Structure formats: C-alpha cells, structure tokens
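Since the structure comes first, as structure tokens, the remarks are kept for the end.
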Protein chains: 2
Amino acid sequence: MTHLKDIFIKTRHITVYGLIMAIFVFALKWFQWKFLVLDNATEIYAGLIAICFTLLGIWVATQLAKPKIEKVLVEKEVYVTLPAGIEINEAELKKLNLSGREHDVLQLLTKGQSNTEIAGNLFLSLSTVKTHVSNLFVKMDVKSRAQAIEKAKRLKITP
Amino acid sequence: MTHLKDIFIKTRHITVYGLIMAIFVFALKWFQWKFLVLDNATEIYAGLIAICFTLLGIWVATQLAKPKIEKVLVEKEVYVTLPAGIEINEAELKKLNLSGREHDVLQLLTKGQSNTEIAGNLFLSLSTVKTHVSNLFVKMDVKSRAQAIEKAKRLKITP
DNA sequence: TTAAAATCGGTACTAAAGTATGAATAGCGT
DNA sequence: ACGCTATTCATACTTTAGTACCGATTTTAA
C-alpha cells in the first residue's frame, strides 16, 4: 500500500503539471477565439507564456527539491564546578542574634535536611527541632524553611 | 563592500534571466523571419516557449533555492573550569533536562515561594504546581523542596 | 502519521511542616 | 536568691508538602 502511495506522491507533481498545462492551453485557445489575437501581438503572447511557465517551473522545482543532509560537528562544553571561595557574612549573621543551638539547626536546615534528619544529627527530639526551627523563623523573619534557606544563601550566612 | 556584493549576488540571477530571455526573443524573431512561421503553428510555438521557460524556471529556482540543511549534532565534551562568577551554570542546568514549565516553577521555588504562591504567580492550579514540583524532584534527584533549593543554589542553576 | 513528550488539571491519601502552648532543667549575671 | 535566657521535650492541632494515581489536550519528534 505504501509503495503505491509513494508512486502517487512521486508522480503527483507531474500529473498536476500536465493538468495545469492543459488548462492553460485551453485558456489560451479561448482567449484566441474571444479576442482574435493579432499577429503583431505574438511577442505579448509569448511573454505571457514565458512568465507563466517560468513561475510554474519555479514552483515545480521547489516541490521537487530534495533536502541536502549535512552533518555538523558541534563541541559541547561541560563545566566543572569547583568549590569556590566560601566567605560567610558574619555581620549579617550577628544581626540575627541566634542562639548556639539555633545556629546548629540552621546549618543543617540550609543543607536541605528535614526536621527528623536534624533531630538525628543533633541527638534531639523532633519536638525540640520544631521549636528551634520556629524560633529561627521568627528571628530570620521568614515563614517557611524554604524562605529560610533562600535568605541564608542570599545573605551568605551559611556555606 | 560586502553589502554591494550581496546585492550583486541577489540580483545576478535576475540579470542572467533577463539576458537569456532577450537572447531567446531574438532567436524567436530570427526563426520567425527565417521560416515564416505559419499562423496555425501557434500551438507548437507556444509549446516550445512553455517548455523552454519551464526549464528556465526550474534552473532559476535551483539556483535561488536555499539548501535545506539537516544538522546532525555530534557532542564532544570539553571540560572547562567555571570562571567563578555569579553567572548561572547553564551546563548543569541543561543536564537536568527540565521542561519549560518546570524551569519556571524552579525559579519561583528557589525564591522560597510555596506551592500556592507559585500557582498564583504562574496562573496554575495547585494540582499542576504539585505535579511540576514532583517531576522536578525526580529530575533533580532530591526528595524535598529544601534539598531542591540547596542544590539549585549550590550548582548555581538559579540566581 | 504515529509515538512520545509536555501541559494542565483532578482526587485521594500519607508525611512532613509549622503553630501554639505548656513545662522542666540548667546556667548566668546582678 | 532572683530574673532571665537557653535548652529540652511534650501534646494537640492546622496547614502545607509530597506521592501516586488518573485523564485530557497539545506540542513536538521520529
């Protein structure tokens, strides 16, 4: 089935070309009969044919044009991130007036750890961590750990 | 200079076309004079013009046609150390293979916004944001928005 | 013209986060 | 000794986040 379809597609342009040519010839004959084309108008007659069939040729060519496949070699740069200078903004950190334990919690919190993970690492209960975290949010003037992390990173008060 | 050259290149085909057309008309006139073309041979006359100018059109089209180039990208990894800056690490960002919307969500997520806030800013439903966020976590290989923010900041894939 | 994504949205559920409040203990400075 | 803060932990509760499904378009790629 696809084979017949391909043949049709390949010969479609030729068929269309033939049809248009036939219609054009009929149209010319009609004009010839209607206006009794003068002999000295041959140049105009030829010119019209030339223009029309030139355009037709261009159209046919664009339809038949096959895409040229061209392989292009592209180099892809892969960046290697190096642990850049870790400078902590001590001034901003002092402004927050955090307690020692709150500071500990903040360190782990900004590393993306959950309350349970922080509790495990600092040997605290989940309740205690929640308390510290809540107090942290008040001192940092944020409403979620997401904001806390963003602010801590932005102010560089954590590595 | 290159500008004039471009104009010449672009008009070259038209010039050639005009010249060929002129020569063809002269040839026709010569044939007309030489063999005293009969009135009832108009169809043959028109047919010749049609065929010739169709071929001419095809030729012109092939000359003017821009070659359709099918690029095949071959990646060659080149390792480069990142010039420690505040620039966004596009390379790491590409590795994540995020979709457009996921990228949008990530931008707001890393600013500390909640799902509800993101939904409001991007005019999406909460469900959609949750879907995007979940997919983000898979692609970023993290398990919470806190880790996502931390990783995004660490890899500098967000301002 | 398929097939694979991306996009948007929904429901239902579990897990985690966050709030509020209270309470016990230890240390520190006046 | 007293007040103050820090630290620890608990209970109870509400809210948010997160997962796991699903379906319907739409866009894109092969």
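Convention: sequence-line order gives letters A, B, ...; per-chain numbering from 1. Predicted, not measured: the structure shown is a model, and the values here were computed from it.
Between the side chains of S134(B) and T131(B), no donor N or O sits under 3.5 Å from an acceptor N or O.
At a threshold of 4.0 Å, the pair E90(B)-K94(B) does not count as salt-bridged, since none of the basic side-chain nitrogens sits closer than that to a carboxylate oxygen. The pair E102(A)-K139(A) meets the salt-bridge criterion, with a side-chain N (NZ, NE, NH1 or NH2) lying under 4.0 Å from an Asp/Glu carboxylate O.
Dashed line: the shortest gap from a side-chain N or O of N115(B) to OP1 or OP2 of dA17(D) is under 4.0 Å. Listed pair S99(A) / dT5(D) fails the phosphate criterion, with no side-chain N or O lying under 4.0 Å from OP1 or OP2. Residue T128(B) places at least one side-chain N or O under 4.0 Å from the OP1 or OP2 atom of dG9(C). Between S114(B) and the phosphate of dT16(D), there is no side-chain N or O to OP1/OP2 separation shorter than 4.0 Å. At dT8(D), one or more side-chain N or O atoms of H132(A) fall inside 4.0 Å of OP1 or OP2 (strictly under the cut-off).
Sorted by residue number, the members of residues 134-149 of chain A with any non-hydrogen atom under 4.0 Å from DNA chain C read S134(A), F137(A), S144(A), R145(A).
Taking atom CG on L98(B) and atom P on dT7(C), their separation rounds to 10 Å, with Å as the unit.
In this structure, L126(A) reaches neither bases nor backbone, as no heavy-atom distance under 4.0 Å exists between it and the strands shown. Nucleic acid contact class of S125(B) (heavy atoms, under 4.0 Å, all strands): sugar-phosphate only.
Along DNA chain C, the nucleotide nearest to K130(B) and the one nearest to E102(B) differ in position, and the one closer to the 5' end is contacted by E102(B).
In this structure, CD in E117(B) is found 11.5 Å from CG in L126(B), a value given to the nearest 0.5 Å.
Using modelled atom types, no side-chain atom of T128(B) and backbone atom of L124(B) make a donor-acceptor pair closer than 3.5 Å.
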